[in-house]
There are 2 protein chains.
Amino acid sequence: MNQLINYIEQIVRLDDEAIRELEQLSEIEYYEKNQLILEQGRRCNKIWFLKSGMVRKYYIHDGKEITVWINTENQTFTSLQSYSQNIPSTEYLQACEDTVAISITRQNSEKLIRFPQFVIFANTLMEREFVNADIHSKALSVKDAKGKYEYLQMIAPEIIKRAKLGHISSILGITQETLSRIRKG
Amino acid sequence: MNQLINYIEQIVRLDDEAIRELEQLSEIEYYEKNQLILEQGRRCNKIWFLKSGMVRKYYIHDGKEITVWINTENQTFTSLQSYSQNIPSTEYLQACEDTVAISITRQNSEKLIRFPQFVIFANTLMEREFVNADIHSKALSVKDAKGKYEYLQMIAPEIIKRAKLGHISSILGITQETLSRIRKG
DNA sequence: TTCTTTTTTTGACATAGATCAAAAAATGTG
DNA sequence: CACATTTTTTGATCTATGTCAAAAAAAGAA
């Protein structure tokens, strides 16, 4: 729990009551390697904070898995589209390693709205995610395969270190074979 | 002004006081075709609502203009990264046609926070933009040049109709020549 | 209208990265 | 351990799209 509180306090200060309430309303979850956290077609009504492990977001296109992103320790994740609009998810969330996460449901997170700190935190987080997504998609769209790989290595070395080749190449929008050749140098 | 109010009221109901305040705090701006609304390097401290005309967002990479997106009537636009973090913009905003827009500064928009409707509106808008950006970047990343063009035509026919070839092709991440050939059929 | 500038089209050619297939290496399992 | 499964590497093509250059068409200016 401290991990999550530290994470939030990088953005806003939390008083004791807010922390108690957060603890009340959140839950800890354990997933095994390869286990699905969210399946396509289901409504996603939680946001998770990753204590340990690694989680992959992907979808299926023409029968092939397209990996969107991979999250590691001390990051939050959800299927935003499904969560925010309460519609069935087009994405899967899968633990790539044994994973421990803290979850909070939308219902419970709405109870936190009475603490202005949480509202500021939620907005700041959303804005940051948006800006980052923007920066990264621009960077990736402009580079060749090698440049994309090097960029990902710069902004997300954990992914490069721990994820498998096929997942990394999919994030970059290139084939496994091409990535393997890039790594040879 | 009515145009903007209708736009907001698709999301939240505004009472008379909120409308008066919004009118007080916003301003109308006129731009000529090709005029820059925001230059790279400048801080962007406004959000605009497009009454008429067309606005292109682009940045320079390796000396070449990369068009990110083009907005048309009844849409809002800004350089989000610069606006939200109050840092110099990496992007330009340019009127592609004679353009009329309503602007509100960050300072003034903060005064609207006392109306909860505006807070809900702002959050909803941000969330929608995020979800849309997500959907579109996925769709574009997975298709070939022709598929990308057809997808853009589906989600933003105004851009296809009114923007020039080079700008459209740049949004799609393909060359002008390739787009010209796709159009021939 | 005529002239200039900008934008779009067309053609010839080059190439990054895809595809397909199979070998090699790594990992997991009883 | 030995065996099965999964993941990564390597090799031989193939192809969609890029690049460069020049012509044609459209738009703007005088």
Side-chain angles (χ1 to χ4, degrees), chain A residues 31-36 53-54 56 58 60-67 70 92 94-99 138-153 158-185, chain B residues 31-36 53-54 56 58 60-67 70 92 94-99 138-153 158-185:
Chain A
Y31 297 95
E32 290 182 359
K33 182 169 175 178
N34 294 329
Q35 192 183 343
L36 289 177
M54 188 156 83
R56 176 172 76 109
Y58 69 95
I60 308 272
H61 178 87
D62 285 349
K64 279 190 320 189
E65 290 184 4
I66 313 280
T67 298
I70 291 172
Y92 296 80
Q94 180 189 40
C96 303
E97 300 174 351
D98 290 348
T99 288
K138 274 180 196 165
L140 291 178
S141 74
V142 123
K143 297 178 195 301
D144 65 8
K146 180 145 184 261
K148 288 177 187 178
Y149 178 71
E150 285 163 354
Y151 180 77
L152 188 63
Q153 188 159 51
E158 283 301 305
I159 295 178
I160 299 288
K161 243 177 276 163
R162 291 155 64 186
K164 29 190 208 201
L165 196 75
H167 295 165
I168 298 171
S169 66
S170 181
I171 290 175
L172 299 175
I174 64 180
T175 60
Q176 222 180 1
E177 293 92 330
T178 296
L179 180 52
S180 176
R181 287 177 179 119
I182 287 167
R183 281 189 161 170
K184 284 290 93 138
Chain B
Y31 297 96
E32 290 183 358
K33 182 170 175 177
N34 294 329
Q35 192 182 345
L36 288 177
M54 188 155 83
R56 176 170 77 109
Y58 69 95
I60 308 272
H61 177 86
D62 286 349
K64 279 189 322 189
E65 291 185 3
I66 313 278
T67 298
I70 291 172
Y92 297 80
Q94 180 189 40
C96 302
E97 300 173 352
D98 291 350
T99 288
K138 274 180 195 165
L140 290 178
S141 74
V142 123
K143 297 179 195 299
D144 65 8
K146 181 146 184 260
K148 288 177 187 176
Y149 178 71
E150 285 163 355
Y151 180 77
L152 187 64
Q153 188 159 50
E158 283 301 305
I159 295 179
I160 300 287
K161 243 178 276 163
R162 290 155 65 185
K164 25 191 211 201
L165 197 75
H167 295 164
I168 297 170
S169 66
S170 181
I171 290 175
L172 298 176
I174 63 180
T175 61
Q176 222 180 1
E177 294 92 331
T178 295
L179 181 52
S180 175
R181 287 177 179 121
I182 286 168
R183 281 188 160 171
K184 287 287 93 139

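Naming: A, B, ... by sequence-line order, numbering from 1 per chain. Computation of the quantities below employed the complete heavy-atom set of this structure, encompassing side-chain atoms and omitting hydrogens, waters and symmetry-equivalent molecules.
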Query raised in the report: For Thr67(B) and Ser170(B), which heavy atoms make the closest approach, and how far apart are they?
Result: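 Scanning both residues completely, I find the closest heavy atoms to be N-OG, 2.8 Å.
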*Closest non-hydrogen atom pair between Lys148(A) and Leu140(A), with its separation*: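 Taking Lys148(A) first and Leu140(A) second, the nearest heavy atoms are CE-O, 3.0 Å.
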**Asked** Do other residues, nucleotides or ligands put more than 12 heavy atoms under 6.0 Å from the NZ atom of Lys146(A)?
**Response**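 No, because the 6.0 Å sphere around NZ of Lys146(A) holds 12 heavy atoms or fewer from other groups.
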What is the distance, to the nearest angstrom, from the [atom1] atom on [X] to the [atom2] atom on [N]?
X         : N       : atom1 : atom2 : answer
Leu172(B) : dG18(D) : CG    : P     : 10 Å
Arg162(A) : dT27(C) : CZ    : P     : 15 Å
His167(A) : dT8(D)  : NE2   : C1'   : 13 Å

Side chain to side chain donor-acceptor pair (under 3.5 Å) against [X], all qualifying residues, sequence neighbours excluded:
X         : result
Glu65(B)  : Arg56(B)
Tyr149(A) : Arg183(A)
Tyr31(A)  : Glu29(A)

Using atom names, set out every protein N or O paired with an N or O of nucleotides 24-30 of chain D below 3.5 Å, distance rounded to 0.1 Å.
from, atom 1, to, atom 2, distance (Å)
dG28(D), OP1, Lys33(B), NZ, 3.4

With sugar-phosphate taken as primed atoms, P, OP1 and OP2 and all else as base, the protein-contact string of nucleotides 9-25 of chain C at under 4.0 Å (heavy atoms; B, S, -) is BBBB----SSBBB----
Please table the atom pairs, donor to acceptor, closer than 3.5 Å between any side-chain atom in residues 171-181 of chain A and protein atoms at least two apart or in another chain.
from, atom 1, to, atom 2, distance (Å)
Thr175(A), OG1, Thr178(A), N, 3.2
Thr175(A), OG1, Thr178(A), OG1, 3.0

Does Lys33(A) offer a backbone N or O that forms a donor-acceptor pair with the side chain of Asp98(A) under 3.5 Å?
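Checked: pair present.
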